[in-house]
Participant: 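I have a structure I would like to understand better, so I am pasting it below and will then ask my questions one at a time.
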Protein chains: 2
Amino acid sequence: MGLSKTTIFTKQQNEIALFAKAFGHPARVAILQHLFKIKTCVCGDLVSEIKLAQPTISQHLKELKNLGLIQGSVEGTRVCYCINPEKWTAMQKIMHSFLDKEIPQPDCC
Amino acid sequence: MGLSKTTIFTKQQNEIALFAKAFGHPARVAILQHLFKIKTCVCGDLVSEIKLAQPTISQHLKELKNLGLIQGSVEGTRVCYCINPEKWTAMQKIMHSFLDKEIPQPDCC
DNA sequence: TTGTTATATTGCAATATTACGATTAATAAT
DNA sequence: ATTATTAATCGTAATATTGCAATATAACAA
């Protein structure tokens, strides 16, 4: 299939999965880490920073932008990308609610 | 392609991506949430809890097990699954290091 | 205008993922 | 022994993802 049956899951479960999926590729992790490191928003820098072709980087950026985790603003021929602080904070809250639970001590395995 | 170029990324970036990928499907999120909720480890319960076919659940369980996030132990005809506390804690640390950074205030976008 | 630079889009090939029916393996129950 | 129960595996169809060459677009430069 290749198609996830999203309708049978809760909104929260789908939301977690969507964010996680965005982080599920090292290129997107690298892009985000670079945006965190360089306060000044960058763009073409990412292409030289990460050894992937320009269309590939552009594609990953698009995904992150569609999710809302990053923003881009045109500056002449360049496009300046940066983290969207509000969305990132919202995402953190959701991911923490999933990751930070009291871990039950297994009584079988 | 469909094949990620893992070699051009750091070990940490690949590690983050691997864990995130595991959470990138609502069924696996649901499985983990259920294991957190039900202290007592379950298995066939997951099949009735989540409306996916048994082989599909089994496949998702295998992925989580391969990553080490869950463990399974045979109990007669049943298999009892549970969270692997050590691995879960290690994963938390890694994901937090990625998610919980000081968010730079954008000066362009 | 013509060329240059920076990014996005398109189209496509290779591979991965999701889902499930059919089957298998292993134990339990009769 | 035979049958039922449970879970894993195999095989396969449908779809998604990754990566890039080629091309398009858009703004600036000469």
Participant: Find out whether Cys43(B) and Arg78(B) are in side-chain contact, i.e. whether some heavy atom of one side chain is under 4.5 Å from a heavy atom of the other.
Facilitator: no
Participant: Under 4.0 Å, counting only non-hydrogen atoms across every strand here, what does Lys21(A) touch: a base, just sugar-phosphate, or nothing?
Facilitator: sugar-phosphate
Participant: Could you check if a side-chain atom of Ile50(B) sits within less than 4.5 angstrom of a side-chain atom of His34(B), using non-hydrogen atoms only?
Facilitator: no
Participant: Got a second to check how far Asn84(B)'s CG is from Met91(B)'s CE, nearest 0.5 Å?
Facilitator: 10.5 Å
Participant: What integer distance in Å separates Phe9(A):CZ from dA19(C):C1'?
Facilitator: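 Rounded to whole Å, this separation is 11 Å.
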Participant: Starting at atom CD1 of Ile50(A), determine the distance to atom P of dT7(C), rounded to an integer number of angstrom.
Facilitator: 13 Å
Participant: Distance from Leu61(A) atom CG to Ile70(A) atom CD1, nearest 0.5 Å?
Facilitator: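 Reported value, rounded in 0.5 Å steps: 5.0 Å.
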Participant: Atom CD of Glu49(A) to atom P of dT7(C): distance rounded to whole Å?
Facilitator: 14 Å
Participant: Can you tell me if His60(B) touches the phosphate of dA19(C), counting only side-chain N or O atoms and a distance under 4.0 Å to OP1 or OP2?
Facilitator: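 Looking at the OP1 and OP2 atoms of dA19(C), one of them is under 4.0 Å from a side-chain N or O of His60(B).
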Participant: To the nearest 0.5 angstrom, please state how far the CE atom of Met95(B) sits from the CG atom of Leu99(A).
Facilitator: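 Answer for the CE-CG pair, Met95(B) versus Leu99(A), is 6.5 Å.
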Participant: Rounding to an integer number of Å, can you tell me how far Ile57(B) CD1 sits from dT9(D) C1'?
Facilitator: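 After rounding, the gap between these two atoms is 16 Å.
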Participant: Nearest to the side chain of Leu52(B), heavy atoms from C-beta on, is which of dA16(C), dA19(C), dA7(D)?
Facilitator: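 Comparing dA16(C), dA19(C), dA7(D) against the side chain of Leu52(B), the answer is dA19(C).
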Participant: Using residues 11-31 of chain A as the side-chain source, report each donor-acceptor pair under 3.5 Å to any protein atom, sequence neighbours left out, with the distance given to one decimal.
Facilitator:
residue  : atom : partner  : partner atom : Å
Gln12(A) : OE1  : Gln33(B) : NE2          : 3.3
Gln13(A) : OE1  : Thr10(A) : N            : 3.0
Gln13(A) : OE1  : Thr10(A) : OG1          : 3.3
Gln13(A) : NE2  : Gln33(B) : OE1          : 2.8
Asn14(A) : ND2  : Thr6(A)  : O            : 3.0
Asn14(A) : ND2  : Thr10(A) : O            : 3.2
His25(A) : ND1  : Ala27(A) : N            : 2.9
His25(A) : NE2  : Ser4(B)  : OG           : 3.3
Arg28(A) : NE   : Ala22(A) : O            : 2.8
Arg28(A) : NH1  : His60(A) : ND1          : 3.0
Arg28(A) : NH1  : Glu63(A) : OE1          : 3.4
Arg28(A) : NH1  : Glu63(A) : OE2          : 3.2
Arg28(A) : NH2  : Lys21(A) : O            : 3.3

Participant: Can you name the atoms? Protein N/O to nucleotides 8-12 of chain C N/O, anything below 3.5 Å, with the distance.
Facilitator:
residue : atom : partner  : partner atom : Å
dA8(C)  : OP1  : Tyr81(A) : OH           : 2.5
dA8(C)  : OP2  : Ser58(A) : OG           : 2.9
dA8(C)  : N7   : Gln54(A) : NE2          : 2.6
dA8(C)  : N6   : Gln54(A) : OE1          : 3.1

Participant: To the closest 0.5 Å, what do you measure between CG (Leu46(B)) and OG1 (Thr56(B))?
Facilitator: 13.0 Å
Participant: Nearest 0.5 Å, what's the CD-CD distance between Glu86(A) and Gln71(A)?
Facilitator: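 So the gap between those two atoms works out to 7.0 Å.
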Participant: Between Ser4(B) and Ser4(A), name the one whose nearest nucleotide on DNA chain C is closer to the 5' end.
Facilitator: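 Looking at the nearest nucleotide for each, Ser4(B) comes out on the 5' side.
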Participant: First locate atom OH of Tyr81(B), then atom CG of Leu32(B), and finally report the distance between them rounded to the nearest 0.5 Å.
Facilitator: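 Those atoms lie 12.5 Å apart.
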Participant: Distances for protein N/O vs nucleotides 26-30 of chain C N/O pairs under 3.5 angstrom?
Facilitator:
none

Participant: Rounded to whole Å, how long is the line connecting atom CD1 of Ile31(B) with atom C1' of dA19(C)?
Facilitator: 13 Å
